[in-house]
Each structure stands twice: as structure tokens, then as C-alpha cells.
Amino acid sequence: MKFFLDSANLQEIEEAISWGVISGITTNPTLVSKETGSFNELVKEICRLLQDKPVSVEVLSTTSGGMVEEAGRLAALAENIVIKIPMGAEGLKAVYRLSHEGKKVPCNVTLVFSANQALLASRAGAAYVSPFVGRIDDISWDGVGLVKEITNIFTCHKLDTYVIAASIRHPVHVEQVAVAGAHVATVPFAVLQQMSRHPLTDLGIERFLADWEKTRRNEII
Ligand code: G3P
């Protein structure tokens with residue numbers, strides 16, 4: 001399973017890239033609304049930092065025609081743009097056109113809450129589908145179960161759409177979606193930080209340093 005960072009914040013993105021674990025970025029209108037400055041410049045800078053890795057940017061239009069137009073403008077900003085399209089009939093039409101016409105643009109179908117939605121998105125030509133794990137858990141359904149269902153269906157029917165587990169809220173979600181077969185988990189920076197830590201690691205470092213200090217404090221290594 002690969003990791004994408006779910007963020008539009010340049011400091012977080014630069015820090016996460018420096019860890020060497022990030023294979024792409026996902027953004028959404030809520031994440032972008034937390035940042036300042038020109039939207040186009042922000043997107044271009046994120047794409048530059050990611051080099052050739054995919055950066056999902058979401059359209060705001062609600063008609064397929066509007067989505068396709070918007071996607072054209074976004075795709076012109078950088079080569080590594082992936083167009084994030086909300087699930088629905090208009091979204092499917094847009095995905096079909098963007099994935100099949102002219103200079104094809106990869107699409108990430110977002111706000112996926114059922115296996116049927118994922119299946120439709122894949123058949124329309126989506127490169128990625130994004131089931132929202134946390135938001136399903138929020139309404140007392142099983143977000144990880146949905147990821148498992150979608151990955152099983154895609155494997156069984158030899159569909160090559162990648163499953164991005166989105167709306168990841170904590171490190172346990174990450175482990176669970178990895179076991180469920182997600183190709184990608186897109187994680188907020190705070191979750192990435194939580195994943196890197198363990199109390200026994202901190203304690204271990206503290207003890208090693210204390211032991212060194214007792215007998216070899218003046219030795220340089
Ligand atoms: O990738 C989608 C994600 O950003 C949504 O997360 O926590 O708002 O449900 P959340």
C-alpha cells in the first residue's frame with residue numbers, strides 16, 4: 001500500500017516528502033480553503049514539489065460540462081494533476097469523457113460510499129476511487145469493510161482502478177485499510193506523525209541516551 005498525503009498545506013507537504021514515504025497528494029475544497037494566496041499558484045507549487053507523482057485537485061462544478069471545462073483548466077497547470085470528481089451521474093459522465101477523449105486526464109472519483117458507486121466509477125474510466133472510511137464510521141457503518149468489499153470486487157473482476165482509502169482519521173484505520181487491500185491510504189499529516197511514534201520507541205531512546213551518559217559522556221562518536 002502506498003501513502004498519499006491528504007493536505008494542501010505546503011509546509012506539511014514539504015515535511016512529509018522529506019520522510020521519503022509520500023507517493024502523491026490529495027486535496028479537496030475544504031483543505032484548500034484553509035490555505036491563503038492564489039489557488040492556481042498553490043496547485044502549481046504542490047505539483048512542482050511532487051515532481052511526477054499524482055496530485056488530486058477537485059472540481060467545483062455540478063454539471064458534467066462544467067466539470068470537463070474546469071478539468072481542462074486544472075490539467076493545464078501541471079502534468080501530474082489528477083482530476084477529483086464527485087460521484088454521481090454528472091460526475092460519471094465527466095469521468096467517461098475525460099478518460100476517453102483527446103488528451104486523456106486521469107480522474108479520482110471522490111465521495112464514494114458504496115461498492116456500486118466504486119464499480120460504476122471504475123467502469124466509467126476512473127484511475128482512482130476514494131471511499132471515505134471515517135465518514136462511513138461516523139454514521140455507524142463499516143468504512144474499512146467497504147474498502148475490503150471494493151478491493152475484492154476489483155480483484156475478482158480484474159478492474160485496474162486503484163482504491164484510495166480516504167477520510168482516514170487515525171493510525172488504526174491505516175493498518176486496517178492495508179489489511180483490507182487498499183492500494184493507497186491518503187492520510188492527514190497529523191496521522192502520519194502519529195504513525196511514526198510509539199511510546200516504547202521514545203522510552204528506548206531515552207534509556208539508551210541515559211546509559212551512554214553514565215559512562216561515556218565525553219566520548220565523541
Ligand atoms: O480525502 C478525503 C478526506 O479529506 C475527507 O476527510 O476527515 O473530512 O472525512 P474527512
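Every number for a ligand or one of its atoms is a count from 1 in the order of the listing. Because only heavy atoms are used, hydrogens play no part in the values below, and waters and symmetry mates are left out as well, while side chains stay in.
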**Message:** Between E90 and K93, does any side-chain N to carboxylate O distance fall below 4.0 Å?
**Reply:** yes
**Prompt:** Would you say ligand 1 has an N or O under 3.5 Å from any N or O of N28?
**Reply:** yes
**Prompt:** Around atom CZ of F189, are there more than 12 heavy atoms of other residues, nucleotides or ligands at under 6.0 Å?
**Reply:** yes
**Request:** Working to the nearest 0.5 Å, report the span between CD of Q117 and OG of S130.
**Result:** 12.0 Å
**Complete:** Under 4.0 Å from one or more heavy atoms of F132, ligand 1 contributes atoms 2 (C), 5 (C)
**Request:** Would you kindly say whether T26 and S56 are connected by a side-chain donor-acceptor distance under 3.5 Å?
**Result:** no
**Request:** Verify whether one side chain among Q51 and N80 offers a donor that lies under 3.5 Å from an acceptor in the other.
**Result:** no
**Asked** What atoms of ligand 1 come within less than 4.0 Å of a heavy atom belonging to D6?
**Response** 1 (O), 2 (C), 3 (C), 4 (O)
**Asked** What's the verdict on salt bridge (charged side-chain N to carboxylate O under 4.0 Å, His left out) for R135 and D138, showing C-alpha distance, side-chain angles and the deciding distance?
**Response** CA-CA 5 Å; R135 291 194 198 184; D138 287 344; 5.9 Å; no
**Complete:** ligand 1 atoms nearer than 4.0 angstrom to some heavy atom of R135 are 5 (C), 8 (O), 9 (O), 10 (P)
**Prompt:** For ligand 1, does T30 get within less than 4.0 Å through its side chain, its backbone, both, or neither, judged by non-hydrogen atoms?
**Reply:** neither
**Asked** For atom 6 (O) of ligand 1, which of P188, S167, A166 has the closest heavy atom?
**Response** S167
**Prompt:** What do you reckon, does R169 have a nitrogen or oxygen under 3.5 Å from a nitrogen or oxygen of ligand 1?
**Reply:** yes
